[in-house]
Structures are given as C-alpha cells and as structure tokens.
J.: 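Got a structure for you, written out below as structure tokens; questions coming shortly.
Residue numbers run from 1 in the order of the sequence given. Each ligand, and each atom within it, is numbered from 1 in the order the structure gives.
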Amino acid sequence: MNERAVNIKVGNVDGKSVIYWMSREQRAEANFGLLAASEYAKEHRLTLVVTFCLVSEFLGAAPEAFAFMGEGLPEVEADLKAKNIPFRLLHGHPPTKVAGFAKEIEAQAVFVDFDPLRIKRAWCSELLLQFAGSVFEVDSHNIVPTRLASGKKEFAAYTIRPKINKLLPRFLVEPPELAAEEGVQKLYENDFSVFESLPKNRYFRGGRGAALPKLKEFLDEKLDGYARDRNNPTKDAQSELSPYLHFGHISSLEIALAVSGAKANEESKAAFLEELIVRKELADNFCFYCEDYDNENSLEPWAKANMAITDEEPREYIYSQEEFEEAATHDELWNTAQNELKLKGKIHGYMRMYWAKKILEWTPGTKDAFKIATYLNDRYALDGRDPNGYAGIAWSIGGVHDRAWPPRKVFGKVRYMNYNGCKSKFDIKKYILKIKELSGKGQGELF
Ligand SMILES: Cc1cc2nc3c(=O)[nH]c(=O)nc-3n(C[C@H](O)[C@H](O)[C@H](O)COP(=O)(O)OP(=O)(O)OC[C@H]3O[C@@H](n4cnc5c(N)ncnc54)[C@H](O)[C@@H]3O)c2cc1C
C-alpha cells in the first residue's frame, strides 16, 4: 500500500469487490487513490470498481461549474474502460449512495480521496457509519501528503516550506502506471445527459483532454516569463490550470514534474513551483487543521485583536451582497474584477487580492466580508470551493499566513491594497478593456 494511504476504518467484511470513490481527483492517471485500490484488489483477488456520486447542489456552485465537471466525467469513464475498469455514476447523497452501492456489489473496502473541506469530511464520517468494510483515505492532491507534511496548522509559507522541501525528493517522482484489470468486467451504462442542458463556460472547457494542452501551452509559451509577468493582469502569464487542478483533471504532481524538467528560466520555474507546491499545499494544511477556514474564527490572535478595533471604524462606502454581485460599486477596477469572475469563472491572481481586500473595506465588518467574498468566489469561480480559495480570502481579509503591517484606516494591521498601488504596477485601462473584450466569450454577456 502506498504511503499516501491511511486506513481510517478497519472493517469486518469478506467481499467480492473494492470501490474507489472518486471525488476530488477526477482522473484515471496519476491517481494514487485509484492505484491503491487497484493494488488492494489484486492482493485480495477482488474486482475493482470506480464510482463518482453526483449531487445537485455543492456549496452554492453555479451550473457552469457542474457543466465543466460534466465535461470531464465521460473522459474518466473512457480512460477506465481502456483499462477494463468499471465506472459507475451515482446520483444523490454521496455517503448513502456509496454505502448502498458497496452493499450491492459486496465491497470489502472503499478508497476515498483526501479532502480537508468540512462537507467532504462529513460525507466520509457518514460512510464510516454506514459501511461495515474497511475504508482507506488517500492523498493524491498534494505532492507531499498533508498529514505527512505537518501535524499542525502552519503559521505561514516560511514555516511549512522547509517541511515540504525535506520530504519532496521522496514524493516528487513519476507515479506508477495503472495496471489494466484482467477478466470480463461488468461495465456500466452511465447517463451523462444531465450535464447537457447546463450553461457552459465558454472560456474553459473541462476535462483532462483540455487540461493537458493547457499545460503544454503554459510550458511552451508562458513559463519562461512567469516570474516577470505573473502579477500583471494585462498579460496572460499564468497557467490557468487552477480549474483543472480543482476538479482533479490533472494533478499537481504531473505539472510539477513537467515544469521541473522544462527548459525555461530557472527563476520562473522556482516561482511557479513555489505557488503550485508550497502555497497550494499550505492551503490544504490550513483547511485540514482549521475547521473555521471560511470565517473570522480562523484569524491569528493579532488579527482578532485588530478586527475588534477595525470593525468599529466607519466605512466610506458600504455595499450589499447584491451590489457586489452585480459589480455595482463606485470603483471601475473592482467592478471589472467581479465581471472577470462572472464572465470567465476566474479572476487574475493579482486582482483576486484587490477584489477581496476591497470587500473588507466596503462591508460593515470582517464577518460580513468573509461571507460575501466566500459566497461570490464559491458561486462564480470554476476553481472555487477549494482550499486555495478559502486560504486566499483569509489571507486577504484576515491576514492569515501574513504578518501585521503598519496600521491603516479600516484595515488596521491587515495588509492594505489600493487603486494607486495597482496603477503603479500595471495599465489599469488596458485590463478594463481586456475584460470588456471577453464579453461574449465567457459565462455570460455583461457589457
Ligand atoms: C481572494 C483570493 C481568492 C482565491 N481563490 C482561489 C480559488 O478559488 N481557487 C484557487 O485555486 N485559487 C484561488 N486563489 C489563489 C490564486 O489566486 C489562484 O490559485 C491562481 O490565480 C489560479 O490561477 P492559475 O492557475 O493561472 O495560477 P498560476 O499562477 O499559474 O499558479 C499555478 C497553480 O499554483 C497554485 N497557486 C497559485 N497561487 C496560489 C496561491 N496564492 N495560493 C494557493 N495556491 C496557489 C494554484 O493551484 C494554481 O493553479 C485565490 C487567491 C485569493 C487572493
């Protein structure tokens, strides 16, 4: 069994099959949960079956996110079929449906994806109660598994970086290839038509077949200039891989190996790997060890004391959730970022910070800012509902993983960002024009 797997329940079932319950890692390749289940099936002479359970609502996600996911699932089915592995699409409350399916096919064990979000952990706990067999949890999302990287909530990137770097040589290695199953398997007829009527994001197509060319385009055309241009929202210097990483259409391990081996500027490679490994894995650490990852209770003591003062300060502008959602603030730059979110399903990384910090500045207090930023990001971002989003919002609004700065109005000691700061970094008019030109290509028409 690979060292990414943790046996979270020792069962007492002698079954005929083993299930890999695919959830966060929606791919057949470089998937350690699937590999571990395959190994277990071979060792115990059981049939391997993969299942995915579709819910009709997930943390407020817009239909475009479901459509994006729906573009990937038939590819998963086909890739598994090529390995003679059955794939079953279920619908409904996941733990109940997976436990029911396990009973139906007499499963001895279920392998689940590691996921630090509360909803996924609650599903997993329910499965433990409803299923009598063994349950294994496998971390295939982080290059260094979260549980191994650190046993506690890390204070900042500088505290987790040495821990990750120490273990990296052990985990930053080519994953084994998935072996085909032998014998005649019962292959299921899955119906994906439920996704057909959903509105699609016209900028991003979901699935591994779209993720791999995106990676290639990044390696060939953007990686070299990443260190120089990634913080400039008028340039397309970032990889745009976050929606694919979020749904697991591609793994960070595959990307990191490709980037490490690429012929490109070393500074750019290092800057990219810092984001993809240290920052991304710090976000999983944050959500795993802090249940309040999406609210003000996640703040460090200095930031809580700060919040007690700044929440009392009068704001120059106050907007409702609806006004933010409609991009109806006085600030054209902020409205543009919000329109980018709605059109494209993703805001440029630099503008994401400005976007969240202004929500803090224009709401009555920190608690409201967390609620509104989380609602908007989870609803409209293709890569939302993700530890990276919760950590990014907590960093922007509450100084999580950051330090105290010289006090400013409304922000207090939380790092401040303003329009003039953006003006000195990039051509604001050019960014606004660029997003206007997106209209008609993204999730909707806004201008
Ligand atoms: C307020 C706010 C909200 C955010 N919401 C999300 C979100 O919902 N989903 C999401 O994936 N990221 C989020 N981020 C983090 C970051 O902005 C995005 O990961 C990045 O913009 C994604 O675009 P990309 O893939 O082109 O990034 P690239 O620059 O190409 O980076 C490659 C990958 O590295 C990781 N990464 C990059 N920057 C960060 C970071 N600051 N923290 C953690 N991981 C990082 C991501 O997995 C990203 O896909 C948020 C940041 C902030 C400040």
J.: Under the side-chain hydrogen bond (donor to acceptor under 3.5 Å, both in side chains) test, which residues partner R147, sequence neighbours left out?
T.: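 R147 satisfies side-chain hydrogen bond (donor to acceptor under 3.5 Å, both in side chains) with E137 only.
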J.: Test of understanding: with side-chain hydrogen bond (donor to acceptor under 3.5 Å, both in side chains), list the residues that count as partners of D220, not counting sequence neighbours.
T.: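 Result, side-chain hydrogen bond (donor to acceptor under 3.5 Å, both in side chains) vs D220: K216.
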J.: Is the distance from the ring center of F247 to that of H249 below 6.0 Å?
T.: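 Yes, the ring centres sit under 6.0 Å apart.
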J.: So that I know where these two stand, are Y40 and F111 an aromatic pair - ring centroids less than 6.0 Å apart?
T.: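 Yes, the ring centres sit under 6.0 Å apart.
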J.: What about F87 and F52, are their ring centers closer than 6.0 Å?
T.: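 That pair fails the under 6.0 Å test.
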J.: Write down, by chain and number, every protein residue that brings a non-hydrogen atom to less than 4.0 Å from an atom of ligand 1.
T.: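 If the criterion is a heavy atom under 4.0 Å, then ligand 1 touches Y226, Q238, S239, E240, L241, S242, L245, F272, E275, L276, R279, K280, K346, G349, R352, M353, A356, N377, D383, G384, N388, G389, G392, I393, S396.
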J.: Going by the rule ring pair (Phe, Tyr, Trp, His ring centres under 6.0 Å), which residues pair with F286 if we only count those two or more places apart in sequence or in a different chain?
T.: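 With neighbours one apart ignored, the set is H401.
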